[in-house]
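Here is the structure we will look at.
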Amino acid sequence: MKKSVFLGALTVAGLAAAAAGAATLDDVKARGKLNCGVTTGLVGFAAPDANGQWDGFDVGVCRAIAAAVLGDPTAVEFVPTTGKTRFTALASGEIDVLARNTTWTFSRDTDLKFDFVGVNYYDGQGFMVPKALGVSSAKELDGATVCIQTGTTTELNLADFFRANNISYEPVPIETNAEAQPLYLEGACDVYTTDASGLAATRAAFETPADHIILPEIISKEPLGPLVRHGDNDWGDIVMWTLNALIAAEEYGVTSANVDELAAGTDNPEINRLLGTEGDLGPMVGLDNQWAMRAIKAGGNYGELFEKNIGESTPIGLARGLNAQWTDGGLLYSPPFR
Amino acid sequence: MTTLSDPPSQSFQFSKLINDTRYRSYTFQFIALLCVIALMSYLGWNLVQNLRAAGLNISYGFLGSPAGYDINQRLIEYDSQSTHWRAAMVGVLNTLLVAFLGCITATVIGVFVGVLRLSKNWLVRKIMSLYVEIFRNVPVLIWILVIMAIFIAVLPQPRDFRGDDATASMLGGLFAFTGRGFYLPRPYFTAEWAAGGAGWLVVIGVLIASFFGSRKLSAWASKTQEATGVRPTTWYLTLGIWFVPLLIVLLAQGLHWEIPALAGFNFQGGIFARNSLIALWFALSIYTAAFIAENVRAGILAISKGQTEAAASLGLRPNRIMNLVILPQALRVIIPPLISQYLNLTKNSSLAIAVGYMDLTGTLGGITLNQTGRAIECVLLLMLFYLTISLAISAIMNAYNNAVKLKER
Amino acid sequence: MTEKASLAFVRDTMLPEQPPPASETGIIKWVRANLFPDVLNSILTIVALYLIIKIVVGAWPWFANGMWATSSLAECREILQGTTGACFSVLTERWNQLLFGFTYPNDQYWRPILAFVLLAFAAAPMLFAMFLPRKLLLFTALYPFIAFWLIWGGTVLTPLFALLGFVAAATVFPRVEKASGFASALGAAVVTAAIVWYVGGLIAGTTPNLIALEPVPSRDMGGFMLNFILGTVCVSLSLPLGILLALGRQSNMPIIKWICVVFIEFIRGVPLITLLFVANVVLAYFLPPGTNFDLILRVIIMITMFSSAYIAEVIRGGLAALPKGQYEAADSLGLDYAQAMRLIIMPQALKISIPGIVNVAVGLFKDTTLVSVISMFDLVGMIRGPILASTEWNGVYWELWGFAILLFFPVCYGISQYSQWLERQLATDHR
């Protein structure tokens, strides 16, 4: 990459070279850091803790990619993005991958020229209301004031839902999840709507989560997943198969605890190929053979990430549901490593 | 003996382009033009390259497709099936609405404070300068957010009005001041022929007629005064001209008041002034008013003291001196900075996005941009709209300024 | 004698002066004249007094009962048991985030603080030029490079070579100017600087650890520090740009004039926020493929353009206010355009414009809070985002906003008072 020709002051002030078009992998390696777009703060998915360390489910995916590509799960620069800035940040090359609970839709994949590489959380849009309101179904929300995050698919789903059910509502648009919380808690809106996982995460951050209920209606399909720029298929492959490696690892019982042990060689050829002791899968995507092992070691397999950040033992308390392995009746299904 | 020397040869020399003052300016302009063209084409070329690399294109086709989202405050018909262009228009009107309201209240508060800053009363003077300094020296964004925080955290929400143990109640049973906004009684007409906007058109017509009527009346009063030296008492006639026809029309059309009432989640009926509108309007008003107050004060101080003394020696009372002598003259000094304050207020109204008021930045520059991902088109269009609004305001205000300014001959 | 005898009494000594009546002197007179001169004013005074007392009495317990050492709002409420009281603990717990953002390394806080303190020393020779020796301006010139090194870190070579470039340009310029005029001297200076920077960039790139502070990427800047950096950097950068634009607009070359007019009027016609949108979502498309400025640099570019347009208008006012005789005098001395501007016109025009420029600077400093709208974590962004959304501090409004006002007010008020003072100092006309 042509770097360092730019002048002194500008260079350090943040002139980092990155190609918008091709060879993201080379850029990431040259930079030594992965630029990963995340939310500005959604507990459980991506949020900075009191020390400014990012943590969460989406963050785990970023760290796994960094571990696979650079060998260091901490070599990630987290770029907080809002609903508005996320797509331009990716399109302009400011970030290499966007892992910001973004819904996979037709127009985003085609018209906006991005590639969704998979789904890391199968979600749907839900409604949260205070228990005191005495509402038990979304159809009873006629005339309610609804807080929504702008720039999301939920905004469009909401309009469709209320139009289809022929009931009225008053939308209150807000920019980020953080701004929605005080509005909802102080009663400036009756209902808060976003992805059900986001609702659970938001509710977990409340002082008294038990005072709020999530209505049973799920009004949309929201497959959330990481995405990359269209056109750089090599990079897309790396991100896609890193995600698949995490899913497959759970299926085969490879965890961050036993990955070292299993990497010594097992009698399961699928695990051997995954962990690089058999076959030559790594070089096919431009990495070494231990890439998947490092990715799994970074934060654990899919199941471990889920349990640690948003699972039932955490304040967010999401059940696996659709996000269980296909062997357990869920939708997670990694293509074979072969 | 005279020697004739040839005039300097007119042959062209390259150094003339730099050294001859006749040509130098052309050279520089040419170079500057080249630089600008080069810069433009460089940026344009980059744009084309980047768009090609990303597989995107510039197209305004999205403006014609359904927007898909709802807007809470709209001055024209709009629903989620309307086009993005329509949504942008809703935004333009909302921008103009808050700018218009803001300019009026800011001017009123600003003039009031500016005059009081020169008051004889020490305490009042100090309070007013405290107000001016505090509001001028803190970012307007913070004021907008603080006032929004008052709405969110201090005012009661509709749920507090509900039930037997309600902690809040409506003012006089007519007004509800809630954290979501203010609910006010709404007048409407029951007569069939006054349905829709027709009734209000009639009212406006009557008011215009009253206006001309009262003008006639005061002209007649002045004429009588000039002829006889005594000005007839007309205030009751003026009141009559303004109110009697108005009352007749209102009653004839069957005026009723729709009182907001708690129904379901919100108050229903009446006029609803949304919290975002009020917060933005109020914050912009008091912020800009602090600047206008300073302009007004400077304008008044610019009028020489002799004017006050001359007016006082004619026996005018202090408030009449202010109204009849000082302010009309100060106005000429005040108006030019006032125009730029109006422009600032309009531009600052784009901060609406911080409180979720759906102005132009909220619709076209916000949700439409987000939903379509057409960043370049949206931002370009957004700037164009604001530029048009700014130029229009300054054109109108400059025309007004030209009309009132001292004609120097 | 006879005269005296004929009169009953003649005073031949002066009586001592009587003190004025009690109602016409001292505090009573003052109160009467300033608080109760007439009925209307008396009513106003009483209303104002009532309001003041009401506010003070209302706010006092809030201050007095303030909590400073709890760890969450819930804890505050528990201790207060329903009585009024502020929860200032949010400030004691999060002060570092409010001031420096949440990613600036904790153990490096001394660096921005030192840079901030040095700023006072660097600004003083410029702000109080009439009292301090001119030599101190040297430190002002060095300051940007020191501050850059302190805040961003990295090897000392980077700012050093940047400085060297300017020094080289400054040494080349007068020599070439003497030989072949202003334009070619300018060109030579730019080329010299570019060469030094290029070579320096290469050298600094190879030895990134020579006398290096821990590098901090600009993405990690936040809090009030970010407002301060944006404010000072953009104002200093926009000043030269503004001068050029103002000169261009006053120029009698139509093409140059129109280029400047269009630029200035366009920038002044749109809100800053749209320019920030440009920085945020559009600008990247206009840069060559392969380069990628980070957000803070793009924002600096756009804010600088914004403020340079406003500063240009202020300076244009200064230029227009100069008597025509000054231009003609410069011409009659045979000075060329560059000399006339540098030696005669600009020093006077800038002097007139300083108060206006300071006003623009204050406005710009306030406007830096707008970056919170494009998801940068400046002071306002920190409050609205991470702090108000955290579980512990959900609902602490007044303490946080009060703190923000307390940070902005003294700075802006101080600068605007300075500008008024300067205006009085610089008033050379006799009134």
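So that the names make sense, note that chain A is the first sequence line, chain B the second, and so on, each numbered from 1.
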Discussion item. Under the rule for side chain to side chain contact (heavy atoms under 4.5 Å, CB included), what residues qualify as partners of A:Ile213, not counting sequence neighbours?
Written reply: A:Val129, A:Lys131, A:Leu215

Response to the item:
Under 4.5 Å to a heavy atom of chain A? For C:Phe277 that would be side chain

Discussion item. Less than 4.5 Å to any heavy atom of chain A: does that hold for the side chain of C:Asn106, its backbone, both, or neither?
Written reply: neither

Response to the item:
Ranking A:Asn177, A:Val43, A:Thr202, A:Val79 by heavy-atom pairs under 4.5 Å to chain C gives rank one to A:Val79

Worksheet item: What distance separates C:Asn280 CG from A:Thr81 OG1, expressed to the nearest 0.5 Å?
Response: 10.0 Å

Response to the item:
Cut-off 4.5 Å, heavy atoms of chain A, and the answer for C:Phe145 is neither

Worksheet item: Between C:Leu295 and A:Glu94, which heavy-atom pair has the shortest distance, and what is it?
Response: CB-OE2, 4.2 Å

Fill in: Partner set under side chain to side chain contact (heavy atoms under 4.5 Å, CB included) for C:Ile301, not counting sequence neighbours
C:Phe293, C:Met305

Discussion item. Quick check: under 4.5 Å, non-hydrogen atoms only, which of residues 182-191 of chain A neighbour chain C?
Written reply: A:Pro182, A:Leu185, A:Glu186

Worksheet, complete the sentence: Contacts of C:Pro144 meeting side chain to side chain contact (heavy atoms under 4.5 Å, CB included) (sequence neighbours excluded), chain-then-number -> none

Worksheet item: What part of C:Tyr285 gets closer than 4.5 Å to chain A, counting heavy atoms only: side chain, backbone, both or neither?
Response: side chain

Fill in: Between CD on residue A:Glu175 and CD1 on residue C:Ile374, distance to nearest 0.5 Å
11.5 Å

